[in-house]
Amino acid sequence: MIGPNGAGKTTVFNMISGLIKPDDGTILLEDVQINGLKPHKITRKGVSRTFQITRDLMEMTVLENLVIQSPTAGFADLFMGSVLDHEREKALELLEFVGISELAEEKAKNLSYGQKKLMEFAGTLMTEPRLVLLDEPAGGVNPALLEHILDRIAMLNKQGVTFIIVEHNMDVVMNLCADVIVMAYGKVIAQGPPHKIQNNPEVLAAYLGES
């Protein structure tokens with residue numbers, strides 16, 4: 001999902017994840033309506049997300065930042081230990097998957113911005129989502145880490161996880177995405193495969209202005 005700043009892309013993410021309510025319309029996840037549900041219930045339905053600016057608990061370790069995103073069994077979980085064995089094992093597997101397992105016991109505040117992006121990405125996978133919303137995953141990430149993130153996105157997508165990505169890096173969009181939605185002024189102005197979107201006059205006008 002691409003578009004100029006203020007087009008409404010993050011607002012769409014906020015509606016899908018239940019942070020704000022749409023004024024009209026219906027949001028369906030595999031033909032099941034999810035708008036109107038609380039954010040934690042939408043997460044339980046299989047939706048996970050990241051934010052433009054990473055949201056981490058700085059004084060907690062990387063491992064703990066993942067574990068707190070584990071699905072809960074309800075009120076009974078309040079009486080469990082701080083980190084359950086199966087949660088720790090799952091978190092370590094995901095940190096290995098994204099390539100930062102050596103940072104498991106490091107405090108989040110000591111991570112680089114790119115490493116925080118990897119930690120946040122791993123955290124979205126703790127609930128085993130069917131749909132992941134990634135808000136500018138390439139923003140502020142060095143090329144080596146970015147390539148690693150994109151490789152993992154492609155790998156998970158082949159395993160059946162759907163991704164919706166808000167991104168300004170056109171190289172990422174054109175090389176990774178099968179379908180591109182373009183927004184401007186709160187509306188969808190174009191949708192289609194990358195090679196058609198690249199040369200769409202309305203899209204060019206939205207980004208560059210009318211001649």
Side-chain angles (χ1 to χ4, degrees), residues 1-2 9-10 12-13 16-17 29-30 34 42-56 61-71 85-106 108 111-182 191-198:
M1 187 182 300
I2 65 173
K9 306 180 296 296
T10 297
V12 171
F13 274 17
I16 294 172
S17 58
L29 178 67
E30 297 181 342
I34 60 172
I42 292 176
T43 299
R44 288 179 181 174
K45 293 285 186 182
V47 179
S48 191
R49 70 167 295 182
T50 65
F51 293 84
Q52 286 182 18
I53 301 174
T54 58
R55 298 186 175 190
D56 51 88
T61 67
V62 172
L63 179 70
E64 290 167 338
N65 269 272
L66 262 66
V67 168
I68 60 172
Q69 299 182 65
S70 299
D85 288 343
H86 73 274
E87 292 175 335
R88 180 182 179 83
E89 182 179 344
K90 185 174 183 179
L92 287 172
E93 287 178 356
L94 290 172
L95 290 174
E96 178 71 31
F97 178 70
V98 301
I100 56 171
S101 57
E102 75 281 1
L103 299 174
E105 301 301 331
E106 189 72 52
L111 270 58
S112 69
Y113 187 73
Q115 290 169 337
K116 287 183 178 181
K117 285 273 191 177
L118 288 169
M119 179 183 71
E120 187 180 42
F121 180 41
T124 66
L125 306 177
M126 284 294 291
T127 58
E128 299 182 1
R130 293 177 286 163
L131 171 64
V132 178
L133 311 175
L134 298 179
D135 205 342
E136 299 189 21
V141 179
N142 71 57
L145 282 180
L146 177 58
E147 185 176 350
H148 188 72
I149 292 173
L150 299 181
D151 177 69
R152 292 304 182 261
I153 291 172
M155 186 182 301
L156 289 167
N157 184 240
K158 289 179 180 179
Q159 296 173 7
V161 181
T162 298
F163 289 86
I164 302 179
I165 300 172
V166 166
E167 187 52 68
H168 290 290
N169 185 321
M170 289 300 102
D171 286 338
V172 169
V173 172
M174 296 303 158
N175 292 320
L176 183 66
C177 301
D179 191 60
V180 181
I181 298 170
V182 188
Q191 180 172 356
H195 68 275
K196 289 189 177 181
I197 292 299
Q198 272 184 314

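Model, not experiment: these values are computed from the prediction.
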Does the Lys117 side chain pair with the main chain of Glu136, one donor and one acceptor, at a distance under 3.5 Å? yes
Do Glu167 side-chain atoms and Ala138 backbone N/O form a donor-acceptor pair below 3.5 Å? yes
Under the side chain to side chain contact (heavy atoms under 4.5 Å, CB included) test, which residues partner [X], sequence neighbours left out?
X      : result
Glu105 : Thr61, Leu63, Arg88
Ile42  : Ile34, Leu37, Val47
Thr43  : Thr127
Leu145 : Leu118, Val141, Asn142

Verify whether one side chain among Asp135 and Thr10 offers a donor that lies under 3.5 Å from an acceptor in the other. yes
Approximate separation, where rounding is to 0.5 Å, of [X] [atom1] and [Y] [atom2]:
X      : Y      : atom1 : atom2 : value
Leu125 : Ser48  : CG    : OG    : 7.0 Å
Glu120 : Thr50  : CD    : OG1   : 4.5 Å
Lys9   : Ile165 : NZ    : CD1   : 14.0 Å

Over all atoms of both residues, closest heavy-atom pair of [X] and [Y]:
X      : Y      : result
Phe121 : Ile153 : CZ-CG1, 3.9 Å
Pro194 : Ala178 : CD-O, 3.6 Å
Asp179 : Pro193 : OD1-N, 4.1 Å
His148 : Phe97  : NE2-O, 3.9 Å

[X]: what forms a side chain to side chain donor-acceptor pair (under 3.5 Å) with it, not counting sequence neighbours?
X      : value
Glu96  : Ser101
Gln198 : none
Asp171 : none
Ser112 : Gln115

So do [Y] and [X] actually touch side chain to side chain, heavy atoms under 4.5 Å?
X      : Y      : result
Phe163 : Leu176 : no
Ile68  : Leu66  : no
Ile2   : Val166 : no
Ile100 : Met119 : yes
Val62  : Leu111 : yes
Met1   : Val12  : yes

Looking at Leu134, Leu133, Ile164, which hits side chain to side chain contact (heavy atoms under 4.5 Å, CB included) with Arg49? Leu133
Applying side chain to side chain contact (heavy atoms under 4.5 Å, CB included), run through Val173 and Ile197 and close with a yes or a no. CA-CA 11 Å; Val173 172; Ile197 292 299; over 6 Å; no
Looking at Gln191, I'd like to know if its CD atom is crowded, meaning that more than 12 non-hydrogen atoms belonging to other residues, nucleotides or ligands lie closer than 6.0 Å. yes
With Glu128 via salt bridge (Lys or Arg N to Asp or Glu O under 4.0 Å) - residues at least two apart: Lys90
